[in-house]
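I have placed the structure first, in the form of structure tokens, so that the comments after it can refer back to it.
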Protein chains: 2
Amino acid sequence: MTPAARRALTAAGRLFYERGIHAVGVDLIAAEAGVTKKTLYDRFGSKDQLVVEYLADRDERWRARLAERLDACASPRERVLAVFDVSRAWMDENSPRGCGMVNAHAEIDDPSHPAYAIITGQKQWMLTLFTDLVRPLAPGSAESLGRTLMLLHEGALVAFGLRVFPGALEQARDQAAALLDGAVDRTPAG
Amino acid sequence: MTPAARRALTAAGRLFYERGIHAVGVDLIAAEAGVTKKTLYDRFGSKDQLVVEYLADRDERWRARLAERLDACASPRERVLAVFDVSRAWMDENSPRGCGMVNAHAEIDDPSHPAYAIITGQKQWMLTLFTDLVRPLAPGSAESLGRTLMLLHEGALVAFGLRVFPGALEQARDQAAALLDGAVDRTPAG
DNA sequence: CCGAAAGTAGACCGATCTGTATACCCGTGG
DNA sequence: CCACGGGTATACAGATCGGTCTACTTTCGG
């Protein structure tokens with residue numbers, strides 16, 4: 001990716017997230033990135049493609065960030081709870097308006113849009129992640145427990161973005177910890 | 001509200017929800033409602049105001065629907081779980097794309113926008129509702145339990161809209177039931 | 001009987017939207 | 001030396017946006 005394309009994608013990502021996809025025009029993106037519209041269209045072809053690459057880039061950065069943190073965890077239990085910690089840090093840093101994928105989904109009605117696969121793909125991946133992380137702790141109820149953790153996590157992201165109450169991620173994390181304790185008790189490994 | 005205004009608001013509500021607010025123009029709303037643009041502007045004044053009344057109307061219908069169901073419940077425990085049942089029915093009927101308030105929030109960045117108060121107001125009201133419903137069952141932990149139920153509920157709405165897995169509302173309901181059992185055990189009334 | 005309210009039909013305005021075209025500049029590698 | 005890739009600057013096209021306007025019709029209560 002050329003330097004101008006990088007700048008354009010960075011600016012587009014910030015503007016799409018902060019103001020919404022349909023509310024941001026390509027002229028504004030070009031201006032904010034210090035890039036010509038011609039360059040923008042030479043590199044990305046269309047606004048739709050720029051949206052797709054925005055979501056793909058955001059998804060990639062999120063997964064990399066998460067993987068880095070999970071690798072540093074010692075136990076399965078720590079890994080599950082670390083997901084909530086990474087989310088909390090991610091939200092604090094550059095996501096005051098909640099999950100970018102959920103917000104993008106609100107603006108894209110067509111399931112055949114290429115962005116759709118990225119959005120639902122990340123959510124599916126997160127569900128699988130939770131289920132896999134919890135399996136060593138509670139093999140018998142991993143699927144159900146993974147789904148519940150998914151609900152708590154998604155709910156916390158929404159509650160954070162809408163400022164329903166302070167400490168939504170911490171609340172979800174605490175509840176996740178309690179669920180793990182209960183599940184471990186009732187479902188001995190093996 | 002005049003008949004034409006009612007038709008316009010109904011059409012606007014359906015289009016705003018299905019396609020997103022910024023993606024729907026006033027010309028389309030007028031055409032779908034069988035109403036002229038002049039009538040639309042005579043009744044609502046601006047597209048922004050139409051958006052506000054769309055959200056206010058949706059909020060009102062949701063609360064009425066919920067209240068009706070809660071009144072028919074016999075026990076506090078039933079009332080808590082009924083919230084998830086009503087949500088499930090509401091989603092099945094006319095909300096395949098998740099919560100309209102969350103989706104609208106994704107498109108409105110300005111906190112001073114009148115629609116913002118409606119969106120956050122409904123979420124605050126839901127949090128208070130959960131907390132109040134659970135207080136008779138677990139007075140000592142009503143606030144924390146209410147927040148957790150809020151997270152489960154919001155997460156289920158998102159998971160439903162993004163089709164993360166089937167039965168998200170039922171999963172949330174089952175988990176809520178388990179939490180109530182645990183909380184009642186540990187927190188005797190009085 | 002008549003005036004006000006509610007409505008239709010449709011032209012129109014300026015702004016903004018995505019996307020394209022023309023002309024030119026510059027650094028680098030063969 | 002020079003061709004090419006990446007870039008700037010800017011004008012432009014066609015469509016759509018939110019919003020306004022004039023002219024006419026219909027309905028209904030005092």
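Residue numbers begin at 1 in each chain, while the letters A, B, ... track the order of the sequences.
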| message | Are A/F130 and A/L66 connected into the same hydrophobic cluster when the rule is that any two of I, L, V, M, F, W, Y join if their side-chain heavy atoms are below 4.5 Å apart? | response | yes
| field | Letter per nucleotide, 5' to 3', of nucleotides 18-30 of chain D [B base touched, S only sugar-phosphate touched, - untouched; heavy atoms, 4.0 Å] | value | BBBBBB-------
| request: Could you tell me which residues satisfy salt bridge (charged side-chain N to carboxylate O under 4.0 Å, His left out) with A/D109, sequence neighbours excluded, listed by chain and number? | output: none
| request: Would you jot down, in residue-number order, the residues of residues 3-19 of chain B having a non-hydrogen atom under 4.0 Å from DNA chain C? | output: B/P3, B/A4, B/R7
| Rounded interatomic separation in angstrom, taking CZ from A/F44 and C1' from C/dG19 | 16 Å
| message | Can you measure B/D42 atom CG to C/dG7 atom C1' for me and round it to whole angstrom units? | response | 9 Å
| Quick one: does NZ or CZ of B/R63 land under 6.0 Å from the six-membered ring centre of B/W125, within 45 degrees of the ring axis? | yes
| query | With side chains defined as the heavy atoms from C-beta onward, is the minimum distance between B/M150 and B/K123 less than 4.5 Å? | reply | yes
| request: Carefully, step by step, assess A/R43 and A/E53 under the rule salt bridge (charged side-chain N to carboxylate O under 4.0 Å, His left out). | output: CA-CA 11 Å; A/R43 297 289 143 258; A/E53 301 210 22; over 6 Å; no
| task | Under the side-chain contact (heavy atoms from CB on, under 4.5 Å) rule, collect the residues that match up with A/A11, sequence neighbours excluded. | result | A/E32, A/A33
| message | What residues from residues 110-118 of chain A pass a heavy-atom cutoff of under 4.0 Å to DNA chain C? | response | none
| What does A/T2 touch in the nucleic acid at a heavy-atom separation under 4.0 angstrom: a base, only the sugar-phosphate, or nothing? | sugar-phosphate
| Are A/N103 and A/E107 close enough that some pair of their side-chain heavy atoms sits under 4.5 Å apart? | no
| Rounded to whole angstroms, how far apart are CE on B/M1 and C1' on C/dA5? | 17 Å
| note | A/L40 CG to D/dG6 P, in whole Å, measures 15 Å
| Side chain of A/Y17, backbone of A/G98: donor and acceptor closer than 3.5 Å? | yes
| Does the side-chain hydrogen bond (donor to acceptor under 3.5 Å, both in side chains) test come out yes or no for B/T36 and B/T39, once each step is laid out? | CA-CA 5 Å; B/T36 55; B/T39 298; 3.1 Å; yes
| query | With sequence neighbours left out, which residue pairs that include part of residues 73-83 of chain B fulfil the side chain to side chain donor-acceptor pair (under 3.5 Å) condition? | reply | B/R77-B/D181
| In a check of side chain to side chain contact (heavy atoms under 4.5 Å, CB included) between B/C99 and each of B/I119, B/L157, B/V158, which one passes? | B/L157
